[in-house]
Amino acid sequence: MTFKHNFKKVLSATAFAAALVVAPAANVSAATNDASSTQQSATATSQDQQASQDQAASQSSAANQSSSTSTSSATSTSTVKKVAKKTKKTSKKKAVKKVAKKTTKKKATKKAKKTSKKSTKKTTKAATAAVTASADQSQATDQQDDAAKKAAEAAAKKAAAKKKAAAKKAAAKKKAAARKKAAAKKKAAKKSAEKTAKYWIAMRESGGYYTARNGSCYGRYQLLISYLGGDLSKKNQERTADRYVYGRYGSWVNAKRFWLAHNWY
């Protein structure tokens with residue numbers, strides 16, 4: 001379209017130039033109509049030359065126009081090629097950008113998946129660690145509870161054993177006290193029986209007098225004078241009578257039994 005427009009402009013300029021050249025020639029011919037034929041021939045020759053020049057100019061102009069058209073066409077073709085090349089380059093860049101964007105997106109997705117997987121793994125690991133820690137803590141708590149329970153049981157057992165030992169000791173002490181009391185009571189009873197039996201023999205032998213005498217026997221218990229060793233005191237009589245009875249009968253009770261059986265001791 002641009003080529004045709006430029007060509008029309010060139011043709012219009014050429015026609016205008018030809019008109020300018022032809023118009024003065026016509027005027028000169030009309031003004032000098034009454035001249036000689038020689039001048040007319042010269043004028044015709046001049047006109048032919050002028051026409052030849054105009055034709056040459058027209059041809060030159062056409063050639064210039066053709067050259068301009070060719071240049072314009074070449075420029076247009078070059079422009080089209082450049083535009084095509086630029087378009088191709090732009091398309092390539094867009095394609096590269098698209099691929100790069102797709103690759104980036106793919107990488108981002110892959111990275112996001114990897115991160116998500118890593119995060120999930122980390123979360124799972126943390127959860128597992130938390131569960132393990134909770135289990136360990138629960139086990140530790142159970143162990144502590146068991147230890148505390150065992151300690152309480154051991155303490156209760158120890159307290160029970162201590163209480164039992166105390167009760168046993170108290171019972172043994174009470175029993176010992178009872179035995180002691182019984183022994184003391186028995187001893188007291190025996191002492192009382194011994195005293196009673198000794199008194200009973202003394203009353204039977206001398207009526208209870210320390211100075212009673214019957215032949216070779218003397219004193220409260222009518223012992224042989226030789227037994228007293230020359231000491232007729234009350235104290236010596238008691239001591240000598242006890243030594244004689246415990247040595248011969250073992251007790252005054254046994255001496256009494258013997259006296260009841262034989263009427264002497």
Side-chain angles (χ1 to χ4, degrees), residues 119-210 212 217-224 226-229 231-265:
S119 179
T120 304
K121 192 175 180 181
K122 192 175 182 180
T123 304
T124 305
K125 192 175 181 181
T128 305
V131 170
T132 305
S134 179
D136 291 341
Q137 187 175 2
S138 179
Q139 188 177 3
T141 304
D142 292 340
Q143 288 178 353
Q144 288 179 355
D145 291 341
D146 290 340
K149 191 176 180 180
K150 285 181 179 179
E153 288 177 356
K157 195 174 181 180
K158 190 175 180 180
K162 193 175 181 180
K163 189 176 181 180
K164 190 176 180 180
K168 192 175 181 180
K169 190 176 180 180
K173 193 175 181 180
K174 190 176 180 181
K175 196 174 181 180
R179 279 200 305 267
K180 191 176 180 180
K181 189 176 181 181
K185 190 175 181 181
K186 190 176 180 181
K187 189 177 180 180
K190 187 178 179 180
K191 189 177 181 179
S192 178
E194 287 290 295
K195 189 177 181 180
T196 302
K198 187 178 181 180
Y199 178 77
W200 185 88
I201 288 175
M203 294 304 292
R204 292 294 181 277
E205 289 293 326
S206 62
Y209 292 101
Y210 286 98
C217 297
Y218 183 82
R220 183 178 175 89
Y221 302 99
Q222 291 298 294
L223 298 172
L224 291 174
S226 60
Y227 289 171
L228 295 174
D231 186 1
L232 303 178
S233 65
K234 294 180 180 181
K235 189 175 182 180
N236 189 43
Q237 287 185 37
E238 293 289 337
R239 183 169 55 245
T240 303
D242 287 335
R243 185 169 59 246
Y244 168 75
V245 167
Y246 287 118
R248 184 179 177 107
Y249 303 104
S251 67
W252 284 98
V253 173
N254 292 335
K256 180 182 177 182
R257 289 197 191 100
F258 185 87
W259 198 99
L260 288 171
H262 299 89
N263 215 20
W264 62 276
Y265 78 104

Engineer: As a test of understanding, state which of Y244, W200, Y221 forms a ring pair (Phe, Tyr, Trp, His ring centres under 6.0 Å) with W252.
Structural biologist: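 Single pass found, and it is Y221.
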
Engineer: Can you tell me how far NZ of K187 sits from NZ of K180, rounded to the nearest 0.5 angstrom?
Structural biologist: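 Result: 10.5 Å between the selected atoms.
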
Engineer: Restricting to side-chain contact (heavy atoms from CB on, under 4.5 Å), what partner residues turn up for Y209, sequence neighbours left out?
Structural biologist: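 Expected list: A212.
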
Engineer: Within the structure provided, determine whether K256 and Y199 are in side-chain contact (heavy-atom separation under 4.5 Å).
Structural biologist: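 SC-SC contact between K256 and Y199 ruled out.
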
Engineer: About how many Å separate NZ of K157 and NZ of K150, when rounded to the nearest 0.5 Å?
Structural biologist: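 Output value for this atom pair is 12.5 Å.
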
Engineer: Testing the basics here: between V245 and S251, what is the closest heavy-atom pair and its distance to 0.1 Å?
Structural biologist: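 Minimum heavy-atom contact is CG1-O, 3.3 Å.
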
Engineer: Please tell me if the side chains of R243 and R239 come closer than 4.5 Å, counting only heavy atoms from C-beta onward.
Structural biologist: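 Of all side-chain heavy-atom pairs linking R239 with R243, at least one is under 4.5 Å.
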
Engineer: Rounded at 0.5 Å granularity, tell me how far CZ in R248 sits from CG in N254.
Structural biologist: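 R248 atom CZ to N254 atom CG measures 12.5 Å (nearest 0.5 Å).
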
Engineer: Could you tell me whether the side chain of E205 and the main chain of R220 form a donor-acceptor pair under 3.5 Å?
Structural biologist: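 Here the side-chain-to-backbone pair does not exist.
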
Engineer: CZ/R179 to NZ/K181 distance, rounded to the nearest 0.5 angstrom?
Structural biologist: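 Separation between the atoms: 14.5 Å.
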
Engineer: I'd like to check C217 versus L224 (side-chain heavy atoms, cut-off strictly below 4.5 Å). Are they in contact?
Structural biologist: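 Yes - at least one pair of side-chain heavy atoms lies under 4.5 Å apart.
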
Engineer: Would you say Y265 and Q222 are linked by a side-chain donor-acceptor pair, where the criterion is simply a distance under 3.5 Å?
Structural biologist: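 No, no side-chain donor-acceptor pair sits under 3.5 Å.
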
Engineer: Taking atom OH of Y218 and atom CG of L232, what is their separation to the nearest 0.5 Å?
Structural biologist: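 Reported value, rounded in 0.5 Å steps: 5.0 Å.
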
Engineer: Would you call K190 and V253 a side-chain contact if the rule is heavy atoms closer than 4.5 Å?
Structural biologist: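 Sidechains of V253 and K190: no contact.
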
Engineer: Does S192 reach the main-chain N or O of A188 with its side chain, forming a donor-acceptor pair under 3.5 Å?
Structural biologist: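 Checking the backbone N and O of A188 against the side chain of S192, no donor-acceptor pair under 3.5 Å is found.
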
Engineer: Taking everything shown except Y227 itself, do over 12 heavy atoms lie less than 6.0 Å from its OH?
Structural biologist: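 Incorrect, the count does not exceed 12.
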
Engineer: According to side-chain contact (heavy atoms from CB on, under 4.5 Å), who are the partners of S233, at least two apart in sequence or on a separate chain?
Structural biologist: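 By the side-chain contact (heavy atoms from CB on, under 4.5 Å) rule, S233 matches D231, K235, N236.
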
